[in-house]
Structure formats: C-alpha cells, structure tokens
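Indexing begins at 1, ligand by ligand and atom by atom, following the structure's order. Keep in mind it's a predicted model, so treat the numbers as computed, not measured.
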Amino acid sequence: MSTDMKIGVVGAAGRMGRMFIRQVNETDGCVVSGAVEAPGHALIGQDIGVLASVGEIGVALGDDAGTMIEIADAIIDFTAPAVTASNAMICKEAGTALIAGTTGLNDDQNAAILKASKSVPIVSAPNMSVGITLLLGLTEQVAGLLGPEFDIEIVEMHHRHKVDSPSGTAIGLGEAAAAGRQVALRNVKQAVRDGHTGARKKGEIGFATLRGGDVVGDHTVVFAGEGERIELTHKAASRVIFAGGAVRAALWTRDKAPGFYSMKAVLGFED
Ligand code: NAD
C-alpha cells in the first residue's frame, strides 16, 4: 500500500490551484487525492492533470468539498475567505490538516480557523515563500532595534486581479513591525491617506498599495529616519514560491499535533 500523503486541492482551476496540482504531482511523498472548484464551475469533470498542463492523472475536478476533505490527509485551500473558513470546519470534523493561504479573512473567519486548529494541524500564512518568511523576522527585529524615531511605511504592488488591499503579506509585515515595537497594529495602522490628512502621526505604520499588470507580489518595508532610510524589499517573480511552500507545509503536517502553525515553524525559523 502506498504511503504517499494524500493531498486535496480546493480552487484547483484558480491561479494558485493549478500550480498546486503541478507541485504535488512533481513532489515525492505525496499525491493529489482530489480537487474541487466552486459548484457550477465550467471545468468540473475535467482531468485536473490536463488543467495543470502535466498530462492526465486520472483525477476529475469535482465540486464536493466534503468528500474530498474526508479522503485527504491534508488539503491546500487558496480560494476566498468564506470558502476557507467553511472548509476549516469540515477539516475539523474529518481530521484533515489544512494549509490555508487565502488572504482577506475577517475576524469571524479567522476565529473559525483558530477553532478548527484545536482539533487538526493548520498552517496559515499570508505568504508561504521562504523569502517573505525571512523578511517577516527581519522586519520585527529591525523595528525593535531602530525605535520610534524611524517612521515605518509598507509599500506593496500586485497584479490587477487582486481583490483585497493592503495585501495579506503587507498586513503581516505591519504586524511584524508592530510586534518589534511592542504595540498592536490596529492602534497604529494607517492604510488610507487622501486629501488634507495633516502631518504624519508619530508611531503610525503606513501602507501604500499599487495595483497593475501581472505583478506577482512586491513588498518593501521602509524605515525612514532623519537623514537616512533603510528599505527591506522582497520581489516574487513566480507563484511557484508559494506553491513550493504550501506543499512543503502540507508534508510537514503529517506527524504534527493539532495546532495553529506559521510558515516560520514549517521552515524551522522558530521552534
Ligand atoms: P484565483 O481567483 O485565481 O483562484 C481562486 C479559485 O477559487 C477560483 O478558481 C475560484 O473559482 C475558486 N473557488 C471559489 N469558490 C470556491 C468554492 N466554494 N469551492 C472551491 N473553489 C472555489 O485566485 P488566486 O490568485 O489563486 O488566489 C487565491 C487566494 O490565495 C487569494 O486570497 C490570494 O490573496 C491568496 N494567495 C495567497 C498566497 C500565500 O502565499 N498565502 C499566495 C498567492 C495567493
């Protein structure tokens, strides 16, 4: 009997979904056990290997998330906030690990994921790349070292199809900077500036959002002081960095106790 880990993909016809099919297919130790899309999606019934341009793999795109989740050891869900929150509850009942990459979740949706993580391992990160995981750590460290006389601004750019703003990664970087300063981001966040805003408030963490073209994801954390400026930048050139991270996270959950884990834990950047 095969000991390969069975991985299910939600939103398999999406930009990320297709990459997961390819990535799981190419990675030793795991197989795609099922893949679903939104009910009524035009591609339901198609072989997902064909969808992902890797040739037929004998698994048809379905629309029944419940059954797919029951069969899988872990699922990868990069879809929409309500979908991921609802699938977290199904994972909880089925004992299936969840790799949750969807961004833009509200408090209730985040609470649902946290609740499910009491019963199953869940890895959740707004950005599953190695580079951004490192940048998060560096941002926290630098914010703590520099102190409040340096103004922190976070600039991000993504493709024109992105629906949430600032990006989940930018918010994560803001949280890392706030943690470095030992404050809560919600008390210092400045995501919109328009019109006569007055001077910048000391201690605020600002966000600027750019949208356009096919940009996969650029993030810069600016520490602006008197007479000098430090900028930490990450540029994603391909979505494969997220796909590689997510599949690595799925394999990592195999022997893990229930819990809510970050990519730092998966990559061994923290205990
Ligand atoms: P996309 O729109 O290309 O894909 C989303 C897919 O989900 C679509 O195919 C859609 O039909 C499908 N979907 C919607 N409802 C569904 C349902 N009920 N059941 C199954 N499938 C359903 O979007 P994308 O660019 O692939 O991004 C998806 C999400 O992942 C976004 O929130 C994005 O911000 C996030 N993302 C996270 C990371 C990360 O590293 N954490 C990286 C890239 C994107």
Please tell me whether Phe20 and Phe78 form a close aromatic pair, meaning their ring centres lie under 6.0 Å apart. yes
Give the C-alpha distance, both sets of side-chain angles, the deciding distance and a yes or no for salt bridge (charged side-chain N to carboxylate O under 4.0 Å, His left out) between Glu140 and Arg181. CA-CA 8 Å; Glu140 180 171 347; Arg181 285 190 164 170; over 6 Å; no
Please compare Ile132, Thr79, Val216 and report which has the shortest non-hydrogen distance to atom 31 (C) of ligand 1. Thr79
With a cut-off of 4.0 Å, which atoms of ligand 1 are near a heavy atom of Ala125? 41 (N)
Checking Arg18 side chain against Arg22 main chain: does a donor-acceptor pair fall under 3.5 Å? no
Atom 4 (O) of ligand 1: which protein heavy atom is closest, and how many Å away? Gly14 CA, 3.4 Å
I'd like to know whether CG of Asp214 has more than 12 heavy-atom contacts from other residues, nucleotides or ligands below 6.0 angstrom. no
Please confirm whether Gly104 approaches ligand 1 to less than 4.0 Å, judged on its heavy atoms. no
For atom 33 (C) of ligand 1, what is the closest protein heavy atom, and at what distance to 0.1 Å? Thr103 OG1, 3.8 Å
So the atoms of ligand 1 within less than 4.0 Å of a heavy atom of Met16 turn out to be 26 (O), 43 (C), 44 (C)
What protein heavy atom lies closest to atom 35 (C) of ligand 1? Include the residue and the distance to one decimal. Gly101 O, 3.6 Å
Lys162 and ligand 1 - part of the residue with a heavy-atom distance under 4.0 Å: side chain
Within the 4.0 Å heavy-atom cut-off, what Pro126 brings close to ligand 1 is backbone
Is it the case that atom CZ in Arg193 sees more than 12 heavy atoms from other parts of the structure closer than 6.0 Å? yes
With a 4.0 Å cut-off on heavy atoms, is His161 touching ligand 1? no
Which atoms of ligand 1 have any heavy atom of Thr102 under 4.0 Å away? 32 (O)
The protein heavy atom nearest to atom 25 (O) of ligand 1 is Arg15 NE, 2.9 Å
Determine whether the side chains of His219 and Thr233 contain a donor N or O and an acceptor N or O closer than 3.5 Å. no
Does the Asp164 side chain pair with the main chain of Ser167, one donor and one acceptor, at a distance under 3.5 Å? no
Proximal ligand 1 atoms for Asn127, defined as those under 4.0 Å from one of its heavy atoms: 39 (C), 40 (O), 41 (N)
Within a distance under 4.0 Å of any heavy atom of Val10, pick out the atoms of ligand 1 and give their elements. 20 (C)
Under the 4.5 Å side-chain heavy-atom rule for ILVMFWY, direct or indirect, which residues accompany Val192? none
Testing the basics here: between Thr84 and Ala100, what is the closest heavy-atom pair and its distance to 0.1 Å? CG2-CB, 3.9 Å
If you measure every N/O of Phe242 against every N/O of ligand 1, is any gap under 3.5 Å? no
Lys189 with Glu175: basic N within carboxylate O range, under 4.0 Å: no
What residue and atom, counting heavy atoms only, is the protein's closest point to atom 28 (C) of ligand 1, and at what distance? Phe78 O, 3.4 Å
What protein heavy atom lies closest to atom 40 (O) of ligand 1? Include the residue and the distance to one decimal. Met128 N, 2.8 Å
I'd like to know if the side chain of Thr253 reaches the main chain of Ala250, judged simply by a donor and an acceptor atom lying under 3.5 Å from each other, with no hydrogens or angles considered. yes
More than 12 heavy atoms of other residues, nucleotides or ligands under 6.0 Å from CG of Asn106: is that the case? yes
Can you tell me the protein heavy atom closest to atom 11 (O) of ligand 1 and the distance? Glu37 OE1, 2.6 Å
Ala38, Gly40, Gly17: member with heavy atom nearest to atom 21 (N) of ligand 1: Ala38
Val83: numbered ligand 1 atoms lying under 4.0 Å from its heavy atoms: 15 (N), 16 (C), 17 (C), 18 (N), 19 (N)
For the 3.5 Å polar cut-off, considering only N or O atoms, please tell me whether Ala13 and ligand 1 meet it. no
Would you say Asp73's side chain and Lys6's backbone share a donor-acceptor pair under 3.5 angstrom? yes
Ala65: heavy atom below 4.0 Å from ligand 1, yes or no? no
